[in-house]
Amino acid sequence: MEELISNLNYTLGETIGLTLIDLNSFLSLLVRCIINFVVVGVIARCFYYPGSKRRDYMFIFIIMAMSIFLLVSLMGGGGMKTSAALGLFAIFGIMRYRTEAVPIREMTYLFLLVAVSVVNAMGKANYHAMSDYYDGMGIFTLLFANGIFIFLAYLFESSKVLNEHCSKYIKYDNVALVAPEKREELKADLEKRTGLKIIGIEVGTIDFLKDSVIIRIYYDEDMDRGSSIANMGRMPKMK
């Protein structure tokens, strides 16, 4: 069987420049692809999605992560893979989608999943024919690295670890209540209007001509935790 495959590989290589199959490379790619898909899926679905409820970003994260994994995995040469990985990070560092600016939380998850995919793509053993031995990243090392990524996502998404309050900006229409001695009246009015239990208030820019002020409120609400629109300071342009 091995001789038949070897002959077919040689014939196809001579004819069309492609071989039928390289079992070692294929199995290595298959195992790493499964690991990458599972880890990316867990991070995007179990950690990112519950806090944001954004299916569009979750879809983008998974597709982009798998695309980067295959792109880096199938490139020839370790130096070329490293350069490609660094180039991808540089591109995403200045990336903006044309429809909207990518929120910082989404950009952080994007960098995390790009890092996961690059690590899994480059985690391959290399054979040295002269010395007849393999070196490189082992399966346990690869699983440990992926476990670290999952643990970090869990750690910083867990409310038990980071008890961060939700916040949002409000354009308020009663400047008379922003004075320090009327802070309790301001808090009561905001709670009545928003229906939220407000923990803290920050007063920003005051416009006396329009009788308005920018206020940032802090509150606890699980449904808003991780929301990418909560801190939006202005209305987005409608198409």
Side-chain angles (χ1 to χ4, degrees), residues 28-76 80-124 137 142-159 161-162 164-169 221-239:
S28 172
L29 178 63
L30 179 62
V31 170
R32 289 181 290 118
C33 186
I34 292 173
I35 293 174
N36 192 68
F37 180 75
V38 170
V39 173
V40 167
V42 167
I43 293 175
R45 181 63 182 86
C46 298
F47 299 121
Y48 168 75
Y49 181 74
S52 64
K53 305 299 182 184
R54 292 292 301 268
R55 291 180 179 271
D56 52 350
Y57 275 119
M58 185 180 71
F59 170 79
I60 290 170
F61 290 159
I62 294 175
I63 295 298
M64 188 171 291
M66 294 306 298
S67 299
I68 290 171
F69 168 80
L70 291 174
L71 177 65
V72 177
S73 293
L74 297 176
M75 282 184 171
M80 188 175 181
K81 290 182 180 181
T82 305
S83 300
L86 293 175
L88 289 170
F89 274 106
I91 290 171
F92 292 132
I94 60 174
M95 184 185 67
R96 294 282 185 180
Y97 290 123
R98 293 181 61 87
T99 54
E100 60 177 319
V102 180
I104 187 64
R105 183 171 183 267
E106 277 68 17
M107 281 298 296
T108 303
Y109 268 99
L110 182 59
F111 274 107
L112 175 66
L113 295 177
V114 168
V116 170
S117 299
V118 171
V119 167
N120 290 329
M122 298 182 68
K124 182 180 179 181
M137 192 179 300
L142 197 63
L143 292 175
F144 175 78
N146 281 273
I148 292 295
F149 284 120
I150 293 177
F151 175 73
L152 288 174
Y154 163 77
L155 185 67
F156 292 104
E157 282 290 354
S158 174
S159 59
V161 178
L162 294 179
E164 183 182 0
H165 301 305
C166 300
S167 69
K168 66 175 59 183
Y169 293 96
E221 178 59 58
D222 290 338
M223 292 183 65
D224 286 350
R225 199 172 303 279
S227 172
S228 60
I229 198 174
N231 294 327
M232 187 173 290
R234 59 182 180 178
M235 288 291 291
K237 294 181 179 180
M238 304 300 292
K239 292 185 177 181

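The first residue in the sequence is number 1, and the count goes up from there.
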*Indicate yes or no for a side-chain donor-acceptor contact from Ser117 to the backbone of Phe69 under 3.5 Å, with no hydrogens or angles considered.*
no
*Sequence neighbours left out, what passes ring pair (Phe, Tyr, Trp, His ring centres under 6.0 Å) with Tyr109? Give chain and number order.*
Tyr48
Please table the atom pairs, donor to acceptor, closer than 3.5 Å between any side-chain atom in residues 142-150 and protein atoms at least two apart or in another chain.
from	atom 1	to	atom 2	distance (Å)
Asn146	OD1	Asn120	ND2	3.1
Asn146	ND2	Asn120	OD1	2.7
Asn146	ND2	Leu142	O	2.7

_Those residues that, when tested against Phe37, pass side chain to side chain contact (heavy atoms under 4.5 Å, CB included) (two or more places apart)_ = Ile62, Met66
*asked:* Going by side chain to side chain contact (heavy atoms under 4.5 Å, CB included), name the residues that satisfy it together with Val31, two or more places apart in sequence or in a different chain.
replied: Ile35
*Of all the heavy-atom pairs spanning Asn36 and Ala65, show the shortest one and how long it is.*
ND2-O, 4.0 Å
*For the atom pair CE (Met58) and CD (Glu106), what is the distance rounded to the nearest 0.5 Å?*
12.5 Å
*asked:* Could you measure the distance from the CD1 atom of Ile60 to the CG atom of Asp56? Nearest 0.5 Å is fine.
replied: 5.5 Å
_Spacing of CE belonging to Met107 relative to OH belonging to Tyr57, to within rounding of 0.5 Å_ = 9.5 Å
_With heavy-atom distances below 4.5 Å as the criterion, would you say the side chains of Leu110 and Met64 are in contact?_
yes
*asked:* If the condition is side chain to side chain contact (heavy atoms under 4.5 Å, CB included), which residues does Ser28 pass it with, not counting sequence neighbours?
replied: Arg32, Lys124
